[in-house]
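Below is one structure, written out as structure tokens; comments come after it.
The structure presented is a predicted model; accordingly, all values stated were derived computationally and were not measured.
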Amino acid sequence: MRIDVVSIFPTIFDALEVSLLGKARQSGLLDVRVHDLRDYTHDRHRTVDDTPYGGGAGMVMKPAPWGEALDDVTRDAAASPVIVFPSPAGERFTQKIARELSTEDHLVFGCGRYEGIDERVFDYAADLGRVRLLSLGDYVLNGGEVAVMAMVEAIGRLIPGVVGNPESLVEESHEDGLLEYPSFTKPASWRGRDVPPVLLSGNHGAVATWRREQQLERTRERRPDLLAD
């Protein structure tokens, strides 16, 4: 999979060099390219923002640098890319969406800042690919970089070969619409706290039943909205 990221803070994405995603890049499973939006400006101050029409606080990211950046990163695309903009006004990013995006050949992420990106950029991007505005949750961040990092990690780990044991992906939180069951390891007793006896029983059927019950109980207690969905 090819992933292009456009940001005014490209060094933030140096973190993608570590852990499983870093290994995936080295092995060729992921081709991640990070672009500085300011490289697509033409004034000596490398300006990417301006005051909003209609007045109001803050600044809005200019369409011209974004247009050139999107032209550049999609120019040699083998197929129509999915172009993602993190936005508190977007649809909620979920495990289901992460799995959908993990099957794409080319993803482009645009990291907004300030009061956001000129709305015309989204319209223009739709001429170059399939646009999706996605939100991590009902809160506002200073920019799109943190959201994109989270999305790239959630998507990248679903690509076959990135995670060593693919079975570990099946039982995670949200894969079946429920939260994951609690996990334990050695020792069986630690500081007066014991591992549930069923996990030491060797009875795989009983373990599976216990884990399912724990999933339902946890989800009912912490995220009842998931059960409603």
Inter- and intrachain pairs under salt bridge (charged side-chain N to carboxylate O under 4.0 Å, His left out), touching residues 127-153, at least two apart: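 As it turns out, the salt bridge (charged side-chain N to carboxylate O under 4.0 Å, His left out) pairs with a partner in residues 127-153, which skip direct neighbours, are E91-R132, E100-R132, E104-R130, R113-E145.
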Y114 and D50 side chains, donor-acceptor separation under 3.5 Å: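 Result is no, nothing qualifies.
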At what distance, to the nearest 0.5 angstrom, does CG of L199 lie from OH of Y181?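 Answer rounded to 0.5 Å: 9.5 Å.
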Apply side-chain contact (heavy atoms from CB on, under 4.5 Å) to the pair D105 and M1, showing each step before the final yes or no. CA-CA 5 Å; D105 294 323; M1 173 189 283; over 6 Å; no
Any side-chain heavy-atom pair from [X] and [Y] closer than 4.5 angstrom?
{"X": "F184", "Y": "P196", "result": "yes"}
{"X": "P182", "Y": "R218", "result": "yes"}
{"X": "F85", "Y": "L134", "result": "no"}
{"X": "V73", "Y": "R33", "result": "no"}
{"X": "I155", "Y": "L107", "result": "yes"}
{"X": "L101", "Y": "R99", "result": "no"}
{"X": "I8", "Y": "M61", "result": "yes"}
{"X": "L128", "Y": "I83", "result": "yes"}

Check step by step if side-chain contact (heavy atoms from CB on, under 4.5 Å) holds for K62 and D118. CA-CA 6 Å; K62 296 159 61 74; D118 187 301; over 6 Å; no
Might you confirm whether atom OH of Y53 has over 12 heavy atoms from other residues, nucleotides or ligands at distances under 6.0 Å?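 Not more than 12 within 6.0 Å, no.
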Counting only heavy atoms not in D76, do more than 12 fall under 6.0 Å of its CG?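 Enclosed.
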side-chain contact (heavy atoms from CB on, under 4.5 Å) between S201 and W210, intermediate numbers included: CA-CA 12 Å; S201 68; W210 179 86; over 6 Å; no
Donor-acceptor pairs are to be reported for all side-chain atoms of residues 37-45 against protein atoms at under 3.5 Å, with residues two or more places apart or in another chain.
from, atom 1, to, atom 2, distance (Å)
R38, NH1, R46, O, 2.8
D39, OD1, R46, NH2, 2.5
Y40, OH, D72, OD2, 2.5
T41, OG1, R38, O, 2.6
H42, NE2, E68, OE1, 3.1
H42, NE2, E68, OE2, 2.9
D43, OD1, T47, N, 3.0
D43, OD2, H45, N, 3.3
D43, OD2, R46, N, 3.3
D43, OD2, T47, N, 3.3
D43, OD2, T47, OG1, 2.7

Do any N or O atoms from the side chain of [X] and from the backbone of [Y] form a donor-acceptor pair under 3.5 angstrom?
{"X": "T219", "Y": "L216", "value": "no"}
{"X": "T94", "Y": "I97", "value": "yes"}
{"X": "R211", "Y": "T209", "value": "no"}
{"X": "Q215", "Y": "L179", "value": "yes"}

Determine whether V48 and V60 fall in the same hydrophobic cluster, where Ile, Leu, Val, Met, Phe, Trp and Tyr are linked whenever their side-chain heavy atoms lie under 4.5 Å apart.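 Not linked; separate clusters.
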Run the side-chain contact (heavy atoms from CB on, under 4.5 Å) test on E115 and D49 for me, step by step, so that the C-alpha distance in whole Å, both residues' side-chain angles and the decisive distance to 0.1 Å come before the verdict. CA-CA 9 Å; E115 294 302 310; D49 61 312; over 6 Å; no
What are the two closest non-hydrogen atoms of L30 and G156, and how far apart are they?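 Shortest heavy-atom contact: CD1-CA, 4.4 Å.
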Mind checking what makes ring-ring contact (aromatic ring centres under 6.0 Å, His included) contact with F109, not counting sequence neighbours?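 Testing F109 for ring-ring contact (aromatic ring centres under 6.0 Å, His included), a comparison that skips the adjacent residues, returns none.
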